[in-house]
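Inspection log for the structure reproduced underneath, given as structure tokens.
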Amino acid sequence: MLNEEALSTFYQPIVELSTGETMGHEALNRPPASTLFHSADIFYEFAAKTEYTSRLDRYCRKMSLTRYVGSAAVAGFGGSALLFINVSPGVLNDERYKSGETVSLLKHLGLTPSRVVLELTERQAVHDYVGFEKTLAHYRKQGFRIAVDDAGSGYNSLKTLVYLKPEFIKLDKSLIRGINGNIEQQHLLGLIREYALASGTRVIAEGIETEAELKYLQQAAIDYGQGYLVGRPESSPAAGRIPVVV
């Protein structure tokens, strides 16, 4: 797959819930359908246990950025749209990653690090929070911003928020699913929202699929949303939309 560049790249819009404006996109790299890997999650879980983790990450990063810039649709978002790229915490400590390889690629493509958000996935858990905080300081100094993915799905995610102080918190779809009718989920959302306000962090709700979920999130003053209701992944970056909810 890597040698033949067989993974496809899609871009899902992230929309400001109060205005409907598209603030950026998340790059999603998907393997071709096969009998071994019935879903992208299974593929990445398998890859994380092999010696190809760093190589796969570098490939996905390069394809995400190159295909993004190569899309004519990007011009319609001006020079301020953000691109969220999934990164495993362990890969950020890779010397090849820290050496400036990504910055050089961005310079070649005409993008600035300030438009790239490194989205930390939980495929590899963070164990040394103090050391990893120093690693993130290295990337922030270069201009990158940090997002924590799947917040609200487990203890490790909540601990990550406190130690790493990300610029963006992405709420896990399991917390958003049916939140309009679940008091416990609403309470947890409120706590995360309160923390975000106190720390200057912006919140992105993932997995929005119903108008009822969207309406509740808007009433709860959540900053941004992502999900099939506001925009599906496309091979070229496209604008999201906020349906009128009554």
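Remember, it's a predicted structure, so these values are computed and weren't measured experimentally.
Among all heavy-atom pairs drawn from Leu82 and Ser114, the shortest one is CD2-O, 3.6 Å. Contact record, Leu111 with Tyr68: CD1-CD2, 4.3 Å, taken as the closest heavy-atom pair. The nearest pair of heavy atoms linking Pro237 to Ser71 is CD-OG, 3.4 Å. Shortest non-hydrogen contact noted between Asn180 and Ala212 is ND2-CB, 3.4 Å. Smallest separation of non-hydrogen atoms from Ser88 and Asp57: N-OD2, 4.0 Å. The two residues Gly181 and Gln186 make their nearest non-hydrogen contact at N-NE2, 4.0 Å.
Between Arg177 atom CZ and Ser174 atom OG the span is 8.5 Å, to the nearest 0.5 Å. To the nearest 0.5 angstrom, Arg67 atom CZ is 7.0 Å from Tyr11 atom OH. The distance from atom OG1 of Thr201 to atom CD1 of Ile169, rounded to the nearest 0.5 Å, is 5.0 Å. With rounding to the nearest 0.5 Å, the separation of CG in Leu214 from CD in Gln219 is 9.5 Å. Going from atom SG of Cys60 over to atom CG of Leu65 covers 11.0 Å, rounded to the nearest 0.5 Å. A distance of 13.0 Å separates CZ in Arg232 from CD in Gln226, rounded to the nearest 0.5 Å.
Tested against Glu167 for a salt bridge (charged side-chain N to carboxylate O under 4.0 Å, His left out), the candidates Arg145, Arg202, Arg140 yield a single pass: Arg140.
Between the side chains of Thr19 and Glu16, at least one donor N or O lies within less than 3.5 Å of an accepting N or O. Checking Asp41 against Ser39 by side-chain atom types alone, no donor-acceptor pair falls below 3.5 Å. Residues Glu26 and Asn86 have side chains that bring a donor and an acceptor to within less than 3.5 angstrom of each other.
Few gaps surround CD on Glu51; more than 12 heavy atoms of other groups in view lie less than 6.0 Å from it.
Note: the hydrophobic cluster containing Val117 does not contain Leu136 (ILVMFWY, side chain heavy atoms under 4.5 Å, direct or indirect links). Tyr228 and Val15 fall into different hydrophobic clusters, where Ile, Leu, Val, Met, Phe, Trp and Tyr are joined by side-chain heavy atoms under 4.5 Å apart, directly or via other members. With hydrophobic clusters built from ILVMFWY side chains whose heavy atoms lie under 4.5 angstrom apart, Leu171 shares a cluster with Ile242. Hydrophobic clustering of Ile, Leu, Val, Met, Phe, Trp and Tyr side chains at less than 4.5 Å, counting indirect connections, unites Leu36 with Tyr44. Transitive grouping of hydrophobic side chains (ILVMFWY, heavy atoms separated by less than 4.5 Å) keeps Val87 and Leu28 in distinct clusters.
For the side chain to side chain donor-acceptor pair (under 3.5 Å) test, residues two or more places apart in sequence or in another chain that qualify with Asn29 are Thr9, Ser64. Scored by the side chain to side chain donor-acceptor pair (under 3.5 Å) test, Thr35 finds no partners at all (sequence neighbours excluded). For Arg30, there are no side chain to side chain donor-acceptor pair (under 3.5 Å) partners two or more places apart in sequence or in a different chain. In this structure, Phe144 has no ring pair (Phe, Tyr, Trp, His ring centres under 6.0 Å) partners at least two apart in sequence or on a different chain.
Side-chain atoms of Leu2 and Leu56, non-hydrogen and from C-beta on, do get closer than 4.5 Å to each other. Looking at Ser199 and Lys165, their side chains never come closer than 4.5 Å, going by heavy atoms from C-beta outward.
Under a 3.5 Å cut-off, the side chain of Tyr195 and the backbone N or O of Leu161 do form a donor-acceptor pair. In terms of modelled atom types and a separation under 3.5 Å, the side chain of Thr50 and the main chain of Ala47 share a donor-acceptor contact. Side-chain N or O atoms of Arg115 include none that pairs as donor or acceptor with a backbone N or O of Leu83 at under 3.5 Å. Checking side-chain atoms of Arg193 against main-chain N and O of Ala221 turns up a donor-acceptor pair under 3.5 Å. The closest donor-acceptor contact from the side chain of Tyr224 to the backbone of Leu17 lies at 3.5 Å or more, if one exists at all. Between the side chain of Glu234 and the backbone N or O of Gln12, no donor-acceptor pair lies under 3.5 Å.
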Can you check side-chain contact (heavy atoms from CB on, under 4.5 Å) on Tyr216 and Leu189, steps first, answer last? CA-CA 11 Å; Tyr216 182 85; Leu189 176 73; 3.7 Å; yes
Report the C-alpha separation of Leu118 and Val116 in whole Å, then their side-chain angles, then the decisive distance to 0.1 Å, and conclude whether the side-chain contact (heavy atoms from CB on, under 4.5 Å) test is met. CA-CA 6 Å; Leu118 303 178; Val116 177; 4.3 Å; yes
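Residue pairs meeting the ring pair (Phe, Tyr, Trp, His ring centres under 6.0 Å) criterion with at least one member in residues 18-41, sequence neighbours excluded: His25-Phe77, Phe37-Phe43, Phe37-Phe46.
Separation of the Phe168 and Phe84 ring centroids falls under the 6.0 Å cut-off.
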Can you give the donor-acceptor pairs under 3.5 Å from side chains of residues 203-210 to other protein atoms, not counting sequence neighbours?
unit_1 : atom_1 : unit_2 : atom_2 : d
Glu206 : OE2    : Lys170 : NZ     : 3.3
Thr210 : OG1    : Glu213 : N      : 3.1

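The side-chain tip of Arg55 does not point at the ring of Tyr52 from less than 6.0 angstrom away and within 45° of straight on.
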